[in-house]
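Chain A is the first sequence line, chain B the second, and so forth, proteins listed ahead of strands; every chain is numbered from 1.
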2 protein chains.
Amino acid sequence: MSRRRITLSDIAAGCGVSRATVSLVLRGSPLVAKSTRERVEAELKKQGYVYNRAAANLRRRTSSSVALVINDLSNPFFAEFAAGVDEALGAAGYVTLLGSTNESTERQQKVLASLMEHDPAGIILSPAEHSDGDRLMPVVGTRTPMLVFNRELPHAHWDFLVLDNRRGAQLATEHLLERGHRRIAFFGGHADSSSCRERRQGYAQAMRAAGIEVEPQWLVESAPTRLEAAAQTAALFVRDPAPTAAVCYNDAVALGLSLGLTARGRRPGHDFALTGFDDIPEAAASLPPLTTLSTGPRARGRQAAERILMRASQPDLEPMRMVAPVTLNVRASSGPERVA
Amino acid sequence: MSRRRITLSDIAAGCGVSRATVSLVLRGSPLVAKSTRERVEAELKKQGYVYNRAAANLRRRTSSSVALVINDLSNPFFAEFAAGVDEALGAAGYVTLLGSTNESTERQQKVLASLMEHDPAGIILSPAEHSDGDRLMPVVGTRTPMLVFNRELPHAHWDFLVLDNRRGAQLATEHLLERGHRRIAFFGGHADSSSCRERRQGYAQAMRAAGIEVEPQWLVESAPTRLEAAAQTAALFVRDPAPTAAVCYNDAVALGLSLGLTARGRRPGHDFALTGFDDIPEAAASLPPLTTLSTGPRARGRQAAERILMRASQPDLEPMRMVAPVTLNVRASSGPERVA
DNA sequence: TTCACGGATTGAAACGATCTAAAGTTGGCA
DNA sequence: TGCCAACTTTAGATCGTTTCAATCCGTGAA
């Protein structure tokens, strides 16, 4: 029921030793005699002592936290990523300082500034759309290592961890080509986002390699949401001959397209093949199950955490650009083995 | 490029005043003269000073963080909740210490203990399944207020914030009764979880009020996932006459059932009515769109944050049990206005 | 008996902020 | 010129921990 915090001094007083000794016991130093150690440990338990890491960090000039700033927590992809980060940080004895920005660069500035005041050992940033490296620079400073996830920023001397978007889209396209499709669309996404651009590049590259010229009406934009995508379905069929397959920007878009196709009387996986990107949980459970690219967001989170901790302990490491592989997960939405 | 942290003393030295003065400037005290204030502020900017909140908290014996412990971040419901918490905490100048437990009570103990060392002003806990209040007690202590979300724990003197599960299921059931159904099942969930029990109670109450006796085969359990639910669909039709409608434990289960029905040649929303719970984003986008109960997880998060901050500033407030209302969102899955 | 030595313990100064109480500065007015 | 009040500024202790350097103590060697 006591309101006051129990400190080292309370323990020391409680069993007639000095604060210094208690501190040594806490840290398991071999210097203290077995008998005193036991006495002190009993007292710690008895008084319900809890360590004050902030005070310790102050004295030792260390930090035991890492800031994690996420643009969109309600997106399962980022939520999984966050879970992975927290998992790895926790295992290393660090604590996660969370900040969510809801895709607002204003909030992002504020959140970062606020987190910096807690002196994190490092920052993992999944940037809001239209983030500007030049504005990030002054608030992050040069003392704190930062890893940027999922988006490229023009600025250097930060770590980057990005998905292999180009290669992923290429794999999906090759898969559809393999299945006999020639008129393949790239559907969804905002053409000005870096991830959409990269995926389109992979798509274009695969098409070129197959000797197929991409027609302009095969490139359809849409916001990366199910509803928007469903609404854009018609754009695929404005001109004959229409595409018989589509590489979609992501799973949400693919599921939306799937809905749109059904509404138009086409059966996805039968008379139209499509692929997604992300492998969200519903991808496997939808009808038809979605062929898509797994990105392993949780593993990416762990990877980010491990890297930032490494950089925090070795500040002179060179910044690094890491490209995470993606793997194609073939399911029914891309159709049967081989169509005409 | 400097590795050292800039402190108050650096600023003080840099413009020939004392640490105390700089501190006053930082806090916008009216005591300091305009001219010195400007001099100091210039120096702050020039040296790129960043406030050390840990040191300040130590001295002032305050805390500027709240711990948020989440059982399953990859569940959009909890991710939204977390986003809401962070939003409200951030607005109040607090920072979120995140911990995710992945539904493991072991990790939950560890995570809480670790977070306690950072002296949070309060704890918001969404407990892992099978959490035990008696084990939580010693690690949380009595100094730190805690709010428990979404599950009831036998222990007192914590705040509780739960959804009105009973009332929600009752609303859904009444809605289906209204539409003319009599043989209504309760589908999905684990009967030993508190939320499932409460929802079943609401369902039973509405059925009783309508003078209908619930038959045992109308109560079907399943893990709260789409796939499990789809697999359990058959259990609804083992005996004639089969139910014509189902109140589902949650949206995932409802979507699974929807799949299962389709696979059996039934058209959900036409020859079978069903409702969900949670109103996840896909509920509106599925085919047919799902009638379900909105729980407003983000608003709940904000509510939790505001409450814990209030309790942190007034430690003598009585603990409270808050029941969040849920609202019925009627869509096509519960069928047309009125069936026979 | 004295001394050196190793192991165990501790005093006191940090870490970077806050805050009280006291000391400097003004300027006005007698 | 002297004094008081109103402003400004600051010295120094403090928060809870760590850590260096110093002290203490018992023992075996000289």
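One axis for each end of the helix from C:dT1-D:dA30 to C:dA30-D:dT1, each built from five base pairs, and the angle between them comes to 80° at 10° resolution.
Distances shown here put every side-chain N or O of A:T36 at or beyond 4.0 Å from the OP1 or OP2 atom of C:dA8.
No side-chain N or O of A:S195 forms a donor-acceptor pair with one of A:N150 less than 3.5 Å apart.
Annotation: salt bridge (charged side-chain N to carboxylate O under 4.0 Å, His left out) contacts involving residues 52-62 of chain A, sequence neighbours excluded, comprise A:R53-B:E117. Legend: side-chain hydrogen bond (donor to acceptor under 3.5 Å, both in side chains) pairs involving residues 25-39 of chain B, not counting sequence neighbours, sorted by first then second residue: B:S23-B:R27.
Under 4.0 Å is where a charged nitrogen must lie from a carboxylate oxygen, and between A:D10 and A:K46 no such pair does. Between B:R321 and B:E152 there is a salt bridge, since at least one side-chain N of the basic residue sits less than 4.0 Å from a carboxylate O of the acidic one.
No donor-acceptor pair under 3.5 Å is formed between the side chain of B:E43 and the backbone N or O of B:C15.
Under the side-chain contact (heavy atoms from CB on, under 4.5 Å) criterion, A:S313 pairs with no residue at all, not counting sequence neighbours.
Proximity of A:N52 to A:T7: side-chain heavy atoms (C-beta onward) are nowhere separated by under 4.5 Å.
With a cutoff of under 4.0 Å to any heavy atom of chain A, the contacted region of DNA chain D is bounded 5' to 3' by D:dG16 to D:dT19.
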Going 5' to 3' through nucleotides 15-26 of chain C and flagging B where a protein heavy-atom sits under 4.0 Å of the base, S where only the sugar-phosphate is that close, and - otherwise, we get BBBBB-------
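Atom-to-atom distance recorded for A:L26:CG and A:L44:CG is 5.5 Å, nearest 0.5 angstrom.
Of the candidates B:D316, B:D159, B:T144, B:D159 is the only one forming a side chain to side chain donor-acceptor pair (under 3.5 Å) with B:R311.
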